[in-house]
Amino acid sequence: MTLFGLASLPVLRATARERGPSFMPAALAVLLALSGALTAGGSQGAGDSVTNAFSSIFLVALTMALGAGLIADEIDSGHVQLVLLRPITRAEWYGGRFLGASLALTVAVAASWLAGALAVLLRHGRLDLSWALSLPLVVVQGVAWLSVLAALSVVLRRWMNVAALLLAFMVVGFGSLMLPLVLRRPELVQQCWAVVAYLHPQDATPILQAIRGHTRPDLSPFLFDLLWALGAWLVGVLLLNGREIAKRRA
Amino acid sequence: MSVAAAGEVVLSLRGLTKIYARRASGVVGVEDLTFEVRRGEIVALLGPNGAGKTTSMLLALGLLQADSGQVELFSSDPELLDARRRVGYAPDAPMFPRQLTGLQVLELHGALAGLSRVRARSRASELVTMLGLADFAGRACALYSKGQAQRLGLAQALIGEPELLFLDEPTAGLDPAAVAALRALLSSLQKKGTAIVLNSHLLSEVERICDRVLFIKDGRLLRTHQMHAGGQRAELRLANPAQVAARLKQVLPDGVLDGDRFRVPIAAPEVMPALVRQVADAGGEVLEARLAGAELEELYMQIVEGRS
């Protein structure tokens, strides 16, 4: 029972069941839905229910809560040994874990999205196209981050994948600010930020703004996020295949 | 002939080596481990803590990569999915996803073992009843005691109806009633032809259910000992084992000569005098004769601890 040979469906189901209803992700999902309902239909238009700055905070926190120790928890507890003794490949197990967490994220975002839609309908009596598109854009960006967290979780213990990601974010951000100062070339700040934008999944919100402004949207941030999601998935599987799963008992 | 003797080889380890560290007495890990397990046979791995018993199991299951040597499950590579479909493993102190209930864990493993959703559910319910999990199967695994987690670990190992079962300290954390139930369960599995590799410190349990015992220390297989096949055994200490070895083999072909000890399966203790006469008639000088009751403990002390 696999999804195109990429993910084990029983593992996917069990992961969504296990990750979704845990306290932290569930609480963040409720906050995200509330924020979706309260902020929808604001000054930016109806499409901002899950893409505004306020909701983004919860979205980032939810992604981190779902991705913390996603792979490492199973390796550390030894449950992965029991699972991998079954007739499934490591890649299928990894795919099941990753997509199970992605499903939990999608359900939470969709709940916020629907809450936002309901609020918009009550206030304005109509929905625009940008609202419909905001769901896949936000989900793909979240899944891309989740994919990075999953890959890091193969090699880092427990929730250290989240810590490593935050640390990397701070180091890169600080470095891109400091480098032009150290080199005494302040004009490099813009170029540094342009480079940094490619070091992580991108914000696809400008696509919605383009649609609202009736201009042709640049889909590259969305495609770039897809690339991150798939690329990090592949890296995660390769790392897992090279890793010894069982540990010597102390 | 026992089921075990007639059965095909389901597990074969040849020259298996996995060394974490070397020390004066041997290795941490296992070195040059060679043995086979046949269908319907119960084999115990005995040895002190850190002897390499769990490492042997993990290597046999393909969960650890060996430095050298070869493992075959059902005459094929343990990595092959078909071989893994036929294997069950219950680790010592198993851990499960904390948010899932016992039933959800069993359904997951049933589905992974290739059972349909309906069959996985019914098999899970069956095992829950059989292993006394009913009262807590609907609870999240985070709330399980060690004994409850142990039972759940056993249930997940059995859910795919494996032909080869690995049990690492299966009685740890179990109450006496559960140990007795486990013993009965293993005997019934053996009758169905399931081969079982057992790692336990409970010598009395090993003695009661195992066909063969492998003594392991410092990563090395010290000796293989054939247990009695079903009935009791007599042990005779001989003054002249070398002189009568060939004659004893003719007269009592089921007997095994191990150093100066001659061990023979017997139907009942009453046949002991007749057995001693038979050995004496074959030229054996019997110094001591006894029922092999606390045999395993004594053997363990001799072989593993080096006490005479």
Side-chain angles (χ1 to χ4, degrees), chain A residues 1-3 5 7-26 65-66 68-93 95-97 100-101 104 158 240-250, chain B residues 18 20-21 28-29 49-50 52-55 57-59 61-65 73 78-101 104-105 107-117 120 140-142 153 156-157 159-160 162 166 168-169:
Chain A
M1 283 191 286
T2 65
L3 193 68
S8 158
L9 285 174
V11 174
L12 188 157
R13 264 198 306 269
T15 306
R17 268 178 178 173
E18 170 208 332
R19 291 265 148 180
S22 323
F23 174 73
M24 188 61 88
L66 287 169
L70 181 62
I71 304 297
D73 281 355
E74 288 276 287
I75 296 175
D76 292 343
S77 74
H79 184 239
V80 69
Q81 295 179 20
L82 303 180
V83 173
L84 291 180
L85 269 180
R86 306 293 176 190
I88 66 165
T89 63
R90 289 183 178 204
E92 286 165 0
W93 173 73
R97 293 290 294 172
R158 300 178 65 195
L240 185 69
N241 275 334
R243 201 195 143 149
E244 196 160 57
I245 292 299
K247 285 173 291 187
R248 183 164 68 89
R249 214 169 42 178
Chain B
K18 172 80 178 178
Y20 300 111
V28 180
N49 292 331
K53 305 184 296 292
T54 298
T55 299
M57 276 194 179
L58 295 175
L59 285 168
L61 289 162
L63 290 170
L64 279 178
Q65 288 160 9
L73 283 177
E79 285 292 316
L80 290 181
L81 300 189
D82 189 49
R84 282 195 257 158
R85 212 181 297 276
R86 301 162 76 182
V87 172
Y89 170 50
D92 173 26
M95 300 269 277
F96 299 100
R98 294 170 58 81
Q99 282 76 26
L100 295 187
T101 67
Q104 287 172 336
V105 167
E107 282 170 26
L108 164 67
H109 282 275
L112 290 174
L115 305 181
S116 68
R117 228 167 160 177
C141 292
Q156 68 75 31
I159 198 155
F166 290 84
D168 195 353
E169 301 283 2

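Per chain, numbering begins at 1; letters A, B, ... match sequence-line order.
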side-chain contact (heavy atoms from CB on, under 4.5 Å) evaluation trace for B/Leu58 with A/Gln81 | CA-CA 9 Å; B/Leu58 295 175; A/Gln81 295 179 20; 3.6 Å; yes
Can B/Ile159 and A/Arg86 be said to form a side-chain contact (heavy atoms from CB on, under 4.5 Å), step by step?
-> CA-CA 11 Å; B/Ile159 198 155; A/Arg86 306 293 176 190; 4.0 Å; yes
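- Note that the CZ atom of B/Arg84 and the CD1 atom of A/Ile88 stand 8.0 Å from one another [nearest 0.5 Å].
- In this structure, the portion of B/Arg117 lying under 4.5 Å from any heavy atom of chain A is its side chain and not its backbone.
- Contacts between B/Ala157 and chain A at a heavy-atom distance below 4.5 Å involve the backbone alone (N, CA, C, O).
- For A/Arg13, the part lying under 4.5 angstrom from a heavy atom of chain B is the side chain only.
- Using a 4.5 Å cut-off between heavy atoms, B/Leu100 touches chain A through its side chain atoms alone.
- In this structure, A/Val83 and B/His109 have side chains that are in contact, with non-hydrogen atoms separated by less than 4.5 Å.
- The nearest pair of heavy atoms linking B/Pro97 to A/Glu74 is CG-OE2, 3.5 Å.
- Proximity to chain A is absent for every atom of B/Leu73, based on heavy atoms less than 4.5 angstrom apart.
- Heavy-atom contacts from other residues, nucleotides or ligands closer than 6.0 Å to CZ of B/Arg98 number 12 or fewer.
- What you find for A/Leu82 and B/Tyr89 is that their closest heavy atoms are CD2-O, 3.5 Å.
- Between B/Gln99 and A/Arg17, every side-chain heavy-atom pair lies at or beyond the 4.5 Å cut-off.
- Counting heavy-atom pairs closer than 4.5 Å to chain B, the top residue among A/Leu85, A/Thr89, A/Leu9 is A/Leu85.
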Would you please test B/Gln156 and A/His79 for side-chain contact (heavy atoms from CB on, under 4.5 Å) and show each step?
-> CA-CA 11 Å; B/Gln156 68 75 31; A/His79 184 239; over 6 Å; no
Decide yes or no on side-chain contact (heavy atoms from CB on, under 4.5 Å) for B/Leu112 and A/Trp93, but give the supporting numbers first.
-> CA-CA 10 Å; B/Leu112 290 174; A/Trp93 173 73; over 6 Å; no
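- The minimum heavy-atom distance between A/Pro87 and B/Ala113, with the atom names listed, is CD-CA, 4.2 Å.
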